[in-house]
Amino acid sequence: MKNIRKVVIPVAGWGTRSLPATKNIPKEMLPIYNKPVIQYVVEEAQRAKIEDVIFVTNRDKSVIEDHFDYNLQLESVLERAGKLDKLSEVRAVAEMVNIMSVRQKKQLGLGHAVLCARELVRDTPFAVMVGDDLMFGGVPAIGQLIEVAMAEKMPVIGVMEVPFEKISRYGIIDGEEISPGIFRVRSMVEKPKRENAPSRLAIVGRYVLTPDIFGYLDKVTPGHGGEIQLTDAMQAMAQNRGIMAVRMSGMRFDAGDWAEFLTANIYFALQDEELRYELLALLKNFVQFQ
Ligand code: G1P
């Protein structure tokens with residue numbers, strides 16, 4: 001299998017779970033501590049040696065591409081003010097990866113979003129990262145999948161065990177564990193009722209796919225929620241050429257869930273030595289008054 005150098009990041013969703021904050025700001029641009037959500041996702045890709053990022057966008061999302069571009073006016077203001085640390089920080093964001101984008105003119109589902117990127121992906125294996133799933137730990141999450149995909153020469157998806165009551169929010173797999181944490185997928189189903197789910201192993205928004213996925217996506221009909229589901233195309237693929245799954249290690253935050261979004265903010269703020277003690281003191285004080 002060729003090296004994975006491209007990632008498709010679908011960012012055309014409405015962000016209804018985060019309204020009204022996302023009425024005029026893409027959900028991917030909401031900050032987690034001092035960086036927008038999407039920057040954490042792109043940093044994960046960069047750490048896994050991915051060079052080309054393909055955003056699948058809509059008309060209201062160009063600010064995401066701008067974030068990963070130079071802002072010459074801001075840079076000259078920072079330079080003149082002698083704020084060289086900030087200057088190198090904002091320049092570094094523009095230099096992280098190559099950015100490409102394609103419009104998803106109708107929001108017909110995650111599978112449809114991936115299909116929109118077909119002409120930019122062409123005929124190489126590629127990664128897909130869901131823009132509001134934040135994963136943290138030692139080895140970048142997408143890197144864990146790339147490693148297995150390269151070794152097994154197979155498409156690979158990331159999974160994590162979720163609590164029984166959250167099963168119906170996810171794609172769920174049924175797999176045979178062939179070595180610790182590595183599964184051969186027998187089948188998968190998008191957002192099943194929890195009592196019908198084959199397991200508690202949920203797909204967590206990280207995938208390494210081969211270009212034949214586009215053929216399967218061409219054929220799937222609208223599934224859960226009337227949308228073209230990536231899970232349905234992968235289910236067909238699993239029955240033919242096979243798919244592996246890897247139980248991801250590390251932490252995961254769903255940035256579209258307020259409790260997890262706020263926890264991620266506190267988690268990252270606490271990593272900053274300068275902020276840590278002040279924040280802890282304020283929180284302690286606040287909790288006393290609850
Ligand atoms: C998508 C996928 C689902 C996966 C989830 C992970 O769902 O369709 O299989 O479990 O991402 O976040 P969405 O959250 O876009 O409804």
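Atoms within each ligand, like the ligands themselves, are counted from 1 in listed order.
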**Q** Are the side chains of Leu275 and Tyr33 in contact, using a 4.5 Å heavy-atom criterion?
**A** yes
**Q** Show me which atoms of ligand 1 lie under 4.0 Å from any heavy atom of Thr231.
**A** 9 (O)
**Q** Look at atom 5 (C) of ligand 1 and say which protein heavy atom is nearest, naming residue and atom and giving the distance to 0.1 Å.
**A** Ile203 O, 4.0 Å
**Q** With sequence neighbours excluded, tell me which residues meet side chain to side chain contact (heavy atoms under 4.5 Å, CB included) with Leu19.
**A** Thr16, Thr22, Lys23
**Q** Please check whether Gly171 reaches ligand 1 - meaning an N/O of the residue sits under 3.5 Å from an N/O of the ligand, judged on distance alone.
**A** yes
**Q** Please could you name the atoms of ligand 1 that Leu110 approaches to less than 4.0 Å, counting only its heavy atoms?
**A** 1 (C), 2 (C), 8 (O)
**Q** Who's closest to atom 8 (O) of ligand 1 heavy-atom-wise, of Met188, Glu190, Met160?
**A** Glu190
**Q** Check whether more than 12 heavy atoms from other residues, nucleotides or ligands sit under 6.0 Å from atom NZ of Lys86, and answer yes or no.
**A** no
**Q** Answer with yes or no whether Lys191 contacts ligand 1, where contact means a heavy atom under 4.0 Å from a ligand atom.
**A** yes
**Q** Any side-chain donor-acceptor pair under 3.5 Å between Glu95 and Tyr70?
**A** yes
**Q** With heavy-atom distances below 4.0 Å as the criterion, list the atoms of ligand 1 near Asp133.
**A** 6 (C), 12 (O)
**Q** Donor-acceptor pairs are to be reported for all side-chain atoms of residues 146-159 against protein atoms at under 3.5 Å, with residues two or more places apart or in another chain.
**A**
none

**Q** Which ligand 1 atoms are under 4.0 Å away from a heavy-atom of Gln229?
**A** 8 (O)
**Q** For Glu165, does the CD atom have more than 12 heavy-atom neighbours from other residues, nucleotides or ligands under 6.0 Å away?
**A** yes
**Q** Do you know which two heavy atoms are closest between Met188 and Ala238, and how far apart they sit?
**A** CE-CB, 4.4 Å
**Q** May I ask whether atom 15 (O) of ligand 1 is less than 4.0 Å from at least one protein heavy atom?
**A** no
